[in-house]
Amino acid sequence: FNDDPSTQKRFRAGGETPAPRSLSTRAQLYERVFPQYRQPVEVGVFSLDSERAFFNDSRQLRYYVDPGNKPSFNLRDGYRDRFIKRDDGVKERLDHILRWIVANRPKLHSTHTSSSSCTLGVNFVTWRGHLTKLLTTPYETQEGWLLAVSKFRGTLYMSEVETEAARVNRENRTERHEEMMYWGYKFEQYICADDVNGVPDRGGVVNTNEAFCTVVQTRLADHKLLFSGEVDCRDKDPRAPPAPACYVELKTSAEICTPKQRSNFHRYKLLKWWAQSFLPGVPRIVAGFRDHDGVVVSVETFHISKISQLIKNEYNCWKPTVCMNFCSDFLSFVKSVVKEDNPRLVYLFAWEPHRDVTYTVHRDSQYTFLPDWYIKEMAS
Ligand code: 0WD
Ligand code: CA
């Protein structure tokens, strides 16, 4: 933590331990032993249908069908006529997770904590994707982030706010970029079957409203976490290990033709892939490498536990321990800053590349994100 010594002295004279005002993101500061990260446990699932309606079940779960390593997939197929795109201008914040919590409260209510100071029995509730951004922060040089945090009944809720730069990018995507965003979803359709004995329907409609999400509980150092992440598919073998170990993450990436491209893939893309799947305990990624025209030229499996070995030959490469220690220290920073239990009060944590993490405080503002229905429901 960075601390202004004068402030520190002023506060300590009054007997208070001041919260630090900022947090450094320099990677070297986080090169220490790997923090404890408990095996993530799936505590529930939910689905979002073609209209983005919530269901407290696994109706959208799909099954992995091995494509072999040289399939002929054209990812451009269907972009014009069989694609329904989710409206990404609609901000859903934590709403789906909160609906899951309300529907599963008895399952969650901590029987181990005697005190009522932390009703849910966890310190943090968030999306997996938000934690992925935290893990990659010490190595990120392009995009900043904003995270809104409110404390309610002892639990810290953390919800992303779109940065100005991200909004500008989203509103000014090129036609080429829009189409390339479709390719990842099309790849999923070539690989996934709706039924355990079914086959992929490559002629069907791709609808990005549909989602299957896992809800996992785990602990990073002394932070108890509850988060949800979207899962692409599962191993269809009934003897496969229980979730999340049976899940498979699907990815697409540009084919690798030069040593420079391979190095960039290891240094930048594998960092994001590793962080995203390591968090919920998803053990493998199946990647489709595609050419410039959206044709998949090869398919490769990456085991999460082997990724850190794979990158060790890169000069000055990312380290999992830095990612996890930074995340742990950021969560400690949040705990030390967010003291008032009030769902209408938002602490907005902000970060831009080459800067420290800082925060601002907002009462009854545009940033308030815990909905009234949730607050009412939890009060009863
Ligand atoms: O409101 C927000 N700021 C966000 C909401 C940001 C990110 C996600 N979400 C919501 C959506 O409801 C989505 O269904 O979270 C769900 C996914 O959460 P996550 O698993 O925590 O997100 P992340 O790990 O970033 O992405 C997982 C997958 C992506 O797959 P790839 O292979 O591209 O990483 O979820 C999809 C995408 O397929 N996805 C989204 N789907 C809908 N809305 C979004 C999004 N904003 N972002 C990623
Ligand atoms: Ca994916």
Side-chain angles (χ1 to χ4, degrees), residues 40 42 45-55 60-62 64 75 83-100 124-136 140 143 145-149 157-163 166-167 169-170 173 177 180-192 206-216 225-234 244 247-253 269-282 284-288 290 299 301-302 304 348 367 369-371:
E42 181 175 81
V45 299
F46 61 85
S47 295
L48 304 173
D49 75 2
S50 59
E51 269 138 29
R52 208 71 182 162
F54 173 95
F55 293 90
Q60 295 291 351
L61 173 59
R62 294 178 297 176
Y64 177 77
L75 303 178
F83 178 31
I84 298 172
K85 187 175 167 281
R86 189 188 81 94
D87 180 354
D88 51 16
V90 177
K91 298 304 169 206
E92 302 177 318
R93 307 194 269 202
L94 299 184
D95 291 9
H96 299 306
I97 302 178
L98 303 181
R99 292 208 50 178
W100 181 88
F124 290 92
V125 169
T126 193
W127 282 106
R128 178 268 308 272
H130 301 358
L131 294 172
T132 305
K133 286 195 179 174
L134 289 172
L135 260 62
T136 60
E140 178 64 48
E143 287 166 25
W145 48 252
L146 289 169
L147 283 169
V149 181
Y157 294 82
M158 199 155 69
S159 180
E160 188 178 35
V161 172
E162 187 172 49
T163 63
R167 185 182 57 78
N169 283 341
R170 178 170 56 79
R173 287 183 200 130
H177 187 203
M180 286 174 71
M181 289 177 66
Y182 167 81
W183 293 358
Y185 296 104
K186 183 65 188 178
F187 182 64
E188 293 176 12
Q189 189 192 54
Y190 278 116
I191 304 271
C192 299
V206 169
N207 185 327
T208 60
N209 288 297
E210 297 174 1
F212 167 78
C213 295
T214 179
V215 182
V216 304
L225 315 177
L226 178 79
F227 60 84
S228 176
E230 194 173 322
V231 169
D232 293 326
C233 57
R234 64 156 289 158
Y247 292 147
V248 182
E249 171 65 33
L250 304 177
K251 292 286 183 200
T252 56
S253 196
K269 200 148 251 187
L270 273 186
L271 163 61
K272 294 197 172 161
W273 290 8
W274 171 83
Q276 185 190 39
S277 288
F278 179 77
L279 279 164
V282 171
R284 61 189 163 127
I285 297 170
V286 172
R290 47 93 192 148
V299 172
T301 297
F302 293 90
I304 301 305
L348 188 65
Y367 298 118
F369 64 89
L370 287 171

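Basis for what follows: all heavy atoms, side chains included, without hydrogens, waters or symmetry-related copies. Indexing begins at 1, ligand by ligand and atom by atom, following the structure's order. Keep in mind it's a predicted model, so treat the numbers as computed, not measured.
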Pairs under 3.5 Å, nitrogen or oxygen of ligand 1 with protein nitrogen or oxygen:
from: ligand 1; atom 1: 3 (N); to: Glu160; atom 2: OE1; distance (Å): 3.4
from: ligand 1; atom 1: 12 (O); to: Arg52; atom 2: NH2; distance (Å): 2.5
from: ligand 1; atom 1: 12 (O); to: Glu92; atom 2: OE1; distance (Å): 3.2
from: ligand 1; atom 1: 14 (O); to: Arg52; atom 2: NH2; distance (Å): 3.0
from: ligand 1; atom 1: 14 (O); to: Glu230; atom 2: OE1; distance (Å): 3.0
from: ligand 1; atom 1: 20 (O); to: Arg128; atom 2: NE; distance (Å): 3.3
from: ligand 1; atom 1: 20 (O); to: Arg128; atom 2: NH2; distance (Å): 2.8
from: ligand 1; atom 1: 20 (O); to: Glu230; atom 2: N; distance (Å): 2.7
from: ligand 1; atom 1: 21 (O); to: Arg128; atom 2: N; distance (Å): 3.4
from: ligand 1; atom 1: 21 (O); to: Gly129; atom 2: N; distance (Å): 2.7
from: ligand 1; atom 1: 24 (O); to: Arg128; atom 2: NE; distance (Å): 2.8
from: ligand 1; atom 1: 24 (O); to: Arg128; atom 2: NH2; distance (Å): 3.3
from: ligand 1; atom 1: 24 (O); to: Gln276; atom 2: NE2; distance (Å): 2.9
from: ligand 1; atom 1: 32 (O); to: Glu249; atom 2: OE2; distance (Å): 3.0
from: ligand 1; atom 1: 32 (O); to: Lys251; atom 2: NZ; distance (Å): 2.8
from: ligand 1; atom 1: 34 (O); to: Lys251; atom 2: NZ; distance (Å): 2.9
from: ligand 1; atom 1: 34 (O); to: Gln276; atom 2: NE2; distance (Å): 2.9
from: ligand 1; atom 1: 35 (O); to: Glu230; atom 2: OE1; distance (Å): 2.9
from: ligand 1; atom 1: 38 (O); to: Tyr185; atom 2: OH; distance (Å): 3.4
from: ligand 1; atom 1: 43 (N); to: Arg86; atom 2: NE; distance (Å): 3.1
from: ligand 1; atom 1: 43 (N); to: Arg86; atom 2: NH2; distance (Å): 2.9
from: ligand 1; atom 1: 46 (N); to: Arg86; atom 2: NH2; distance (Å): 3.3

Treating Thr136 as the side-chain partner and Lys133 as the backbone partner, does any N or O pair qualify as donor plus acceptor under 3.5 Å?
yes
Polar side-chain atom of Ser228 near backbone of Thr214 as donor-acceptor pair, under 3.5 Å
yes
So does Asp95 get a backbone contact from the side chain of Glu92, meaning a donor-acceptor N/O pair under 3.5 Å?
no
Could you tell me whether a side-chain N or O of Thr208 sits under 3.5 Å from a main-chain N or O of Arg86, the two making a donor and an acceptor?
yes
For Cys213 and Trp127: C-alpha separation, side-chain torsions, deciding distance, then whether side chain to side chain contact (heavy atoms under 4.5 Å, CB included) applies.
CA-CA 10 Å; Cys213 295; Trp127 282 106; 4.2 Å; yes
Polar side-chain atom of Arg93 near backbone of Leu370 as donor-acceptor pair, under 3.5 Å
no
Total protein N/O/S atoms sitting under 3.0 Å from the Ca ion (ligand 2), waters ignored, is 3
Aromatic ring pairing His96/Phe46, orientation class (parallel under 30°, perpendicular over 60°, tilted between):
tilted
From Tyr185 OH over to Thr252 OG1, what is the distance, rounded to the nearest 0.5 angstrom?
10.5 Å
Quick one: is the NZ or CZ of Arg284 closer than 6.0 Å to the six-membered ring centre of Tyr64, and within 45° of its axis?
yes
